Amino acid sequence: MARITAGVASSHVPLLGVAVDQGKTNDDYFGPIFKGYEWTKEWEKQEKPDVVILVYNDHASAFDMKIVPTFAIGCGEHYKSADEGWGPRPVPDVVGDPDLAWHIAQSLILEEFDMTIINEMDVDHGLTVPLSMMFGQPDEWPVKVVPLAVNVVTYPVPSGNRCWALGEAIKRAVESYPEDLNVQIWGTGGMSHQLQGPRAGLLNREWDNKFLDMLEQPNDDARWIPHIEYLRETGSEGIEMVMWLIMRGALGQKVKSLHRHYHIPCSNTAIGHLVLEPDESETQEKEAA
Ligand code: DHB
Ligand code: FE
């Protein structure tokens with residue numbers, strides 16, 4: 001059976017992709033940011049996941065105001081790096097896992113999550129920057145990827161509770177897949193940032209760290225944070241953090257926190273990164289009961 005072995009959260013700031021592509025990850029500005037990902041890069045080499053369910057948001061690359069899916073799942077064979085206005089990032093194509101993706105789509109839709117199915121699209125910094133942060137610059141990405149796109153760009157975005165519940169349903173979907181796969185789920189985007197308007201540049205170290213604390217706890221309190229709190233405390237783009245709740249919901253009640261990193265600022269954004277593992281003791285207790 002396939003299982004979700006870990007959850008990873010990471011910011012997706014496009015400037016981080018530029019730093020990787022231009023070899024600047026060790027300079028004074030980027031060094032402290034990338035240092036916080038070194039632990040994870042080494043850990044990923046040992047973990048060797050087969051597939052990552054990569055919860056991310058598109059930024060008007062695959063979708064625009066013509067089509068705005070709330071939740072969409074990539075069932076394609078592969079995805080190219082999108083041209084976001086200055087040419088596609090020089091990164092390998094992303095290889096999908098259509099069999100697993102269709103299985104997850106079926107399971108979610110029959111559980112009444114009305115997923116949009118995508119067979120062809122390009123993927124932008126929302127998806128490729130987290131891959132670069134975790135895997136560096138390989139000739140090929142070492143994992144297959146099931147992209148799971150969430151609308152966090154246009155009002156109304158899905159509630160935290162709905163995102164958490166989707167994560168719970170993804171866990172059930174993965175665990176009902178017969179192939180023995182090591183699956184990770186990543187929640188990306190965030191943390192506090194606002195890119196436009198009078199509050200552009202807003203960052204909130206205290207709130208961001210409270211959110212990181214919450215995700216490490218053996219409860220689901222974070223699913224009830226209302227949209228208005230993300231907007232007020234973390235800026236308009238801070239709402240990207242609801243994507244982390246899909247990841248957290250897919251890990252079960254109890255988690256072990258393996259690694260945590262926070263840095264201010266990167267471009268206009270607070271960088272947050274968390275590595276969580278489902279707590280084995282919870283599964284054992286359930287099996288014994
Ligand atoms: C920035 C952050 C984002 O999340 C994004 O999608 C684009 C730009 C930034 O801080 O520059
Ligand atoms: Fe973004």
Side-chain angles (χ1 to χ4, degrees), residues 8-22 24-25 27 29-30 32-34 36-37 54-65 68-72 74 79 81-89 91 94 121-134 145 147-158 160 163 186-205 207-208 211-212 227 230-231 233-247 261-274:
V8 175
S10 175
S11 302
H12 66 212
V13 187
L15 192 60
L16 292 172
V18 175
V20 171
D21 301 341
Q22 298 184 359
K24 293 181 177 160
T25 57
D27 73 12
Y29 186 83
F30 291 110
I33 298 169
F34 281 86
Y37 285 82
L54 211 159
V55 181
Y56 80 108
N57 73 287
D58 177 80
H59 303 73
S61 303
F63 317 122
D64 55 26
M65 289 310 286
V68 185
T70 301
F71 295 121
Y79 311 93
S81 172
D83 184 345
E84 299 183 58
W86 46 87
R89 285 193 63 209
V91 292
V94 173
M121 68 169 169
D122 293 344
V123 288
D124 70 14
H125 70 269
L127 189 135
T128 63
V129 165
L131 283 173
S132 297
M133 299 312 284
M134 259 45 87
V145 174
L148 200 146
V150 181
N151 168 39
V152 289
V153 170
T154 304
Y155 183 85
V157 310
C163 288
W186 295 4
T188 63
M191 296 194 84
S192 54
H193 62 306
Q194 169 140 352
L195 301 180
Q196 68 276 305
R199 296 207 310 162
L202 180 146
L203 300 173
N204 189 341
R205 179 189 292 274
W207 195 97
D208 286 342
F211 185 74
L212 292 168
H227 283 158
Y230 290 101
L231 296 177
E233 301 296 331
T234 75
S236 48
E237 277 65 47
I239 197 69
E240 289 178 349
M241 275 183 270
V242 295
M243 296 186 288
W244 294 31
L245 302 181
I246 299 175
M247 173 278 287
H261 173 49
Y262 186 80
H263 179 91
I264 276 181
C266 176
S267 185
N268 297 291
T269 306
I271 295 291
H273 173 43
L274 197 56

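These numbers come from a predicted model, not from an experiment. Counting begins at 1 with the first residue of the sequence. Atoms within each ligand, like the ligands themselves, are counted from 1 in listed order.
- Because the distance cut-off is set at 2.8 Å, E240 qualifies as a neighbour of the Fe ion (ligand 2) through one of its N, O or S atoms.
- Using the six-membered ring where Trp is involved, Y37 and F34 have ring planes that are tilted, between 30° and 60° apart.
- Put simply, H193 stays out of reach of the Fe ion (ligand 2), with no N, O or S atom under 2.8 Å from it.
- Judged purely by atom type and a 3.5 angstrom limit, N204 has no side-chain atom pairing as donor or acceptor with the backbone of S192.
- Judged by distance alone, with hydrogens and angles left aside, the side-chain atoms of T25 form no donor-acceptor pair with the main-chain N or O of V20 at under 3.5 Å.
- For ligand 1, residues of the protein lying within 4.0 angstrom by heavy-atom distance are H12, V13, P14, H59, H125, H193, L195, E240, S267, N268, T269.
- Taking OH of Y262 as the reference point, atom CE of M191 lies at 6.5 Å (rounded to 0.5 Å).
- For H59 and E84, the side-chain atoms include no donor-acceptor pair closer than 3.5 Å.
- No side-chain donor-acceptor contact under 3.5 Å links H261 to the backbone of G272.
- Between the side chain of R199 and the backbone N or O of Q194 there is no donor-acceptor pair closer than 3.5 Å.
- The Fe ion (ligand 2) has an N, O or S atom of H59 inside 2.8 Å of it.
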